[in-house]
Amino acid sequence: MSAVTASLCSTLLFVGLFVFVSADPETITAEPGQNVTLTCQAPNNNITVVKWSRADLGEQCVLLYRDEQLDPEHQHPSFKNRVDLQDREMKNGNVSLILNNVTTADNGTYECHVQKYGDSLKLISNITLSVVDPPGQTAGDTGKKSGGLIVGLIVFVFVVIAVVIVVVVNCRERK
Ligand SMILES: *[C@@H]1O[C@H](CO)[C@@H](O)[C@H](O)[C@H]1NC(C)=O
Ligand SMILES: *[C@@H]1O[C@H](CO)[C@@H](O)[C@H](O)[C@H]1NC(C)=O
Ligand SMILES: *[C@@H]1O[C@H](CO)[C@@H](O)[C@H](O)[C@H]1NC(C)=O
Ligand SMILES: *[C@@H]1O[C@H](CO)[C@@H](O)[C@H](O)[C@H]1NC(C)=O
Ligand SMILES: *[C@@H]1O[C@H](CO)[C@@H](O)[C@H](O)[C@H]1NC(C)=O
Ligand SMILES: *[C@@H]1O[C@H](CO)[C@@H](O)[C@H](O)[C@H]1NC(C)=O
């Protein structure tokens, strides 16, 4: 990586971090394979329906709880067996969502809706999940570089040996 690319990268990283920090809805970041908790706090009374959705999934949801159980029928297939409520009893209106084994396909903005007894379904909050590959990805670069160095060193040693042989042979022929 040249100095120019390096400084460009750190500038982009800085701008990216700034955008990330100042982003309006709450954002959590995770690496693929991690389990995350998307928090949502509803007013504490008689919750009958909890719906976690993501705008880009259309009609299908991330998690739907109604009739005192999870409803897998309206769930997007990619969330099957990967989501649950932090607390099935939803004590104190805690309807936080647990999402296991996240992948980069999971990033997006999640909407938390709650319906109280005798009321309509209402949006409580949005939370953005950003799944990014670990920064260890650049370690591959370093690996390649040191690999190149080793190959270069071996080639150098062979060239030196070849030169020495040629010189020695030449000297003998002159004698
Ligand atoms: C994620 O949660 C599952 C099920 O609760 C557990 O088996 C697994 O070890 C957790 N993985 C991580 C990375 O914490
Ligand atoms: C909670 O729901 C029950 C019925 O499920 C109802 O009888 C009760 O009045 C409700 N309480 C509140 C505080 O809304
Ligand atoms: C709700 O769940 C979140 C997520 O783990 C936890 O941090 C918080 O303490 C819980 N709140 C209540 C009132 O239990
Ligand atoms: C996590 O997801 C990946 C691919 O999405 C899968 O290969 C892996 O088996 C999953 N791990 C667990 C513990 O479910
Ligand atoms: C999803 O991940 C990609 C790649 O990391 C990123 O560019 C994009 O902004 C993310 N989208 C959201 C909604 O977080
Ligand atoms: C949540 O997102 C939806 C669309 O995705 C938007 O209409 C709504 O205003 C957002 N609400 C909050 C509280 O950010």
Side-chain angles (χ1 to χ4, degrees), residues 1 5-6 8-10 12-117 121-148:
M1 213 196 285
T5 355
L8 193 69
C9 277
S10 42
L12 282 178
L13 195 71
F14 179 75
V15 171
L17 273 175
F18 185 76
V19 168
F20 163 73
V21 167
S22 60
D24 202 16
E26 193 186 338
T27 301
I28 60 166
T29 36
E31 289 172 10
Q34 288 183 330
N35 298 339
V36 298
T37 301
L38 306 179
T39 54
C40 181
Q41 182 64 51
N44 173 31
N45 42 26
N46 275 358
I47 295 166
T48 53
V49 178
V50 176
K51 182 182 166 193
W52 276 95
S53 59
R54 221 173 66 196
D56 57 302
L57 297 180
E59 291 294 293
Q60 292 175 306
C61 4
V62 174
L63 174 143
L64 180 62
Y65 172 94
R66 65 177 180 192
D67 302 328
E68 289 164 13
Q69 58 189 359
L70 295 178
D71 174 354
E73 216 169 280
H74 299 91
Q75 186 177 46
H76 190 273
S78 74
F79 295 105
K80 287 229 151 70
N81 304 317
R82 288 173 57 217
V83 289
D84 205 349
L85 289 171
Q86 172 111 16
D87 176 10
R88 289 273 189 116
E89 292 166 34
M90 301 177 279
K91 275 197 282 297
N92 308 314
N94 198 345
V95 293
S96 301
L97 177 88
I98 298 174
L99 176 56
N100 284 329
N101 198 13
V102 298
T103 73
T104 48
D106 292 328
N107 78 344
T109 299
Y110 291 74
E111 296 168 26
C112 170
H113 307 259
V114 166
Q115 183 174 339
K116 288 188 285 175
Y117 181 76
L121 195 65
K122 295 223 167 76
L123 175 70
I124 304 291
S125 56
N126 292 341
I127 181 164
T128 299
L129 175 63
S130 175
V131 181
V132 288
D133 284 319
Q137 292 271 307
T138 47
D141 273 1
T142 330
K144 262 182 229 149
K145 261 182 215 158
S146 62

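Numbering of ligands and ligand atoms starts at 1, following listing order.
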Between R88 and Y65 the two heavy atoms that sit nearest each other are O-OH, 4.3 Å
Keeping D71 on the side-chain end and E73 on the backbone end, is there a donor-acceptor pair under 3.5 Å?
yes
Answer yes or no: are there more than 12 heavy-atom neighbours, outside D56 itself, under 6.0 Å from its atom CG?
yes
Tell me if a side-chain donor or acceptor on Q41 pairs with a main-chain N or O of N92 at a distance below 3.5 Å.
yes
Distance-only N or O hit between ligand 4 and N101, under 3.5 Å
yes
What is the closest protein heavy atom to atom 5 (O) of ligand 1, and at what distance does it sit?
N100 ND2, 4.3 Å
Please give me the minimum heavy-atom distance between D106 and V102, naming the atom from each residue.
OD2-CA, 3.2 Å
Run the numbers for me: atoms of ligand 4, each under 4.0 Å from some heavy atom of T103, listed by number.
5 (O)
When you measure from atom 12 (C) of ligand 1 to every protein heavy atom, which one gives the shortest distance, and what is it?
N35 ND2, 3.4 Å
Determine whether any protein heavy atom is located less than 4.0 Å from atom 9 (O) of ligand 1.
no
Would you confirm whether any non-hydrogen atom of the protein falls under 4.0 Å from atom 2 (O) of ligand 4?
yes
Any protein heavy atom under 4.0 Å from atom 14 (O) of ligand 4?
yes
Is a side-chain N or O of T48 found less than 3.5 angstrom from the main chain of Q115, in a donor-acceptor match?
yes
